[in-house]
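Structure first, commentary second.
The chains referred to below are lettered A, B, ... by the order of the sequence lines, with proteins before strands, and numbering in each begins at 1. Remember, it's a predicted structure, so these values are computed and weren't measured experimentally.
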Amino acid sequence: MRISKSFIPTMKEAPSDAIIPSHVLMLRTGMVRMLSAGIYSFLPLGYKVVKKITNIINEEMNAIGGQEFLLPALNPREIWESTNRVEAFGDTMFHLKNRDYVLAPTHEEIMTFHARGEMKSYKDMPQIWYQIQTKFRNEARPRSGIIRGRQFLMKDAYSFDSTWEGLDESYAKHYKAYQNIFDRCGIEYFVVGASSGAMGGSKSEEFMVKSEAGEDTVAYCKSCGYAANVEVADSIIEQIARNGESKDVYEISTPNIHSIDELCEFLKIDENETAKSRVYIHAGKPILVLMSGNDEVNETKLQSILGGEIRPAHPEELVEITGAEAGSIGPIGFKHRIIADNRLKNLNNLFSGANKTDFHIGGIDLQRDVENIEYLDMRTIESGEECTRCGETLEVFKAIELGHIFKLGTKYSEAMGATFLNENGQANPIIMGSYGIGVDRVLACFIEQNYDEKGIIWKAPLKPFDIHLLALNMKKEIVENESNEIYDLLLKEGYDVLYDDRRDAQAGFKFNDAELIGIPLQVIIGEKNIQDGLVEIKERKTGEKLLISKEILLDQLKDLVK
RNA sequence: CGGGGCGUAGCGUAGUCCGGUCAGCGCGCCUGCUUUGGGAGCAGGAGGUCGCAGGUUCGAAUCCUGCCGCCCCGACCA
């Protein structure tokens, strides 16, 4: 493709709205443009890479027996009512104003609809059906460029089995296919066991990549592969020791001291000598949660301990309940249920709030001074703590969900009456799985993992072109003629070539565009070299250059283009 | 939905507090000449309802009211 004739609008500066690297680079390389918040157009260069990804997905899905569909994005609302998911999705689902249709955010119902119509016997199964299609979700807050949009490309697959063992097999096939897909795309990922949440079903796993732009926080152990959402993750952490002798409790004036850090600084004490208080409301009653120092309450753990909904108390409620403002609350004199984190177990000589604004209490002995205190694990783990499985160091970081596989079971088939007859002639609901991949997220995540200060660095499977051919000065006849000749030659050899044949662009301009777009190999035609019959080959990633005779160019490329 | 920020030419921005020589700068774009291995030089040029709608005023990018849009943090999220 000749750049002079193509639409690849590169930019030296990115719009100030773009923050994360993939967003900046996709805009700067002319792969995408934003139409509205969370709604992007793919331009030719970007769409070319999208198709590379979807090709890989097609191959791997077909390899496990998947059959590709294309379902309508426009759905009658009624079918979503049948599984109660209009309510479940709430405002996240787009509704049309002038007809009773919704824009599909996923396709369990539609696939189940087709299965219900045709799959009447256990002999019809197993089946794996999938599609690659645009999905719509009315995200309250689109962000991070293409990573979280209101409209996005998704590969969604559905398995239909007559037995639970069959579902296990279909699920395992998808797990393997997903590994192949992400491996082939050149993405570094890990798998996190997840709760299936509102999707229903018994088991689900998420394929994640580490990224600052991520929306989940996960704990990951490099050495044994343990990975868990921080909401449910555990770690090994040093217990704090009880002092030999307990002091008496005493009140301290601590004007304007609100945080543990301020308290430690003010009293010249260690975090381990403090207990932080958080008040939650559970079933209409206040509960004091005591944490050691700056440890954070893990609300998911707390919620599963207590059962039912919890929420932090509002500032006004705090005063009502404890008599003090946030920052001065503590266990002494607190009249409701008190739960302390395991790390605080039986500690003494602690500092905590006095339940009197601007006062703290020292010398607290939880054994002696706090009646009916309960100890439970409520901590949010942190980077650097030890893995409970292998004892190595855990890392905690943000991650993006690229794929999610679910054992759905019979939730949808039961709700929609999709049944089949088994060997004994009995009607049973079809046993389903569902399996998603965010296709444009794969693209964004690849870029997040493969760029430098100059631009993107493509790897072979997703590269938009094989070779970037740069004619440095097209106004010189020899450069123009030789470059055109080499371009034709490369095309004839079957290479996909991006040819920078612009007459009015300076050499430096072309170099920078080439680094930005990031095609792995550049073939550079300069006036002096070509006069000597020489061309240059440059590797984008390393910057390594090779000056060779043009006669052996094709031979060299055979080794270099993968 | 809560908090914060922003909206001036295709992109990046100055000016807004303190109303009037205030619509400016850089990049990009067009024309010509020069230059040509790391985002060129000179000369000339095009391009703006200052997000939209009201209002105050002799006069509004600037002050007031309402609305719209975008970004960031949070809440939410299969």
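Within residues 68-78 of chain A, no residue has any heavy atom under 4.0 Å from RNA chain B. For the contact set between residues 527-540 of chain A and RNA chain B, defined by any heavy atom under 4.0 Å, the members are A:Asn529, A:Glu536, A:Lys538. Sorted by residue number, the members of residues 511-519 of chain A with any non-hydrogen atom under 4.0 Å from RNA chain B read A:Phe511, A:Asn512, A:Asp513, A:Glu515.
Set against B:C70, B:U13, B:G39, the side chain of A:Ser16 has B:U13 as its closest nucleotide. You'll find that the side chain of A:Arg28 is closest to B:G39, out of B:U35, B:C72, B:G39. For A:Lys545, the side-chain atoms get nearest to B:G37 when compared with the rest of B:G37, B:C77, B:C71. Comparing B:U35, B:C77, B:G74 against the side chain of A:Arg148 picks out B:C77 as the nearest. Distances from the side chain of A:Lys475 to the nucleotides B:A75, B:G37, B:U35 place B:U35 closest. Of the candidates B:U36, B:G12, B:G37, B:G37 carries the atom nearest the A:Leu472 side chain, counting heavy atoms from C-beta on. For A:Ala507, the listed nucleotide lying nearest its side chain is B:G37; candidates were B:G37, B:C72, B:C71. Taking the side chain of A:Met34 as heavy atoms from C-beta on, and the options B:G39, B:G37, B:C71, the nearest nucleotide is B:C71.
Residues passing the ring pair (Phe, Tyr, Trp, His ring centres under 6.0 Å) test with A:Tyr175 are A:Phe207, sequence neighbours excluded. A:Gln131 pairs by the side-chain contact (heavy atoms from CB on, under 4.5 Å) definition with A:Phe69, A:Leu70, A:Leu71, A:His107, A:Gln133, A:Lys135, A:Asp156, not counting sequence neighbours.
For the salt bridge (Lys or Arg N to Asp or Glu O under 4.0 Å) with A:Arg441, the lone residue among A:Glu401, A:Glu215, A:Glu448 that qualifies is A:Glu215.
In this pair, A:His23 and A:Tyr40 present their aromatic rings perpendicular. The plane angle is above 60°, beyond the 30 to 60° band.
For A:Thr92, no side-chain nitrogen or oxygen approaches OP1 or OP2 of B:C76 to under 4.0 Å.
The list of ring-ring contact (aromatic ring centres under 6.0 Å, His included) pairs with a residue in residues 499-539 of chain A, not counting sequence neighbours, reads A:Tyr487-A:Tyr499.
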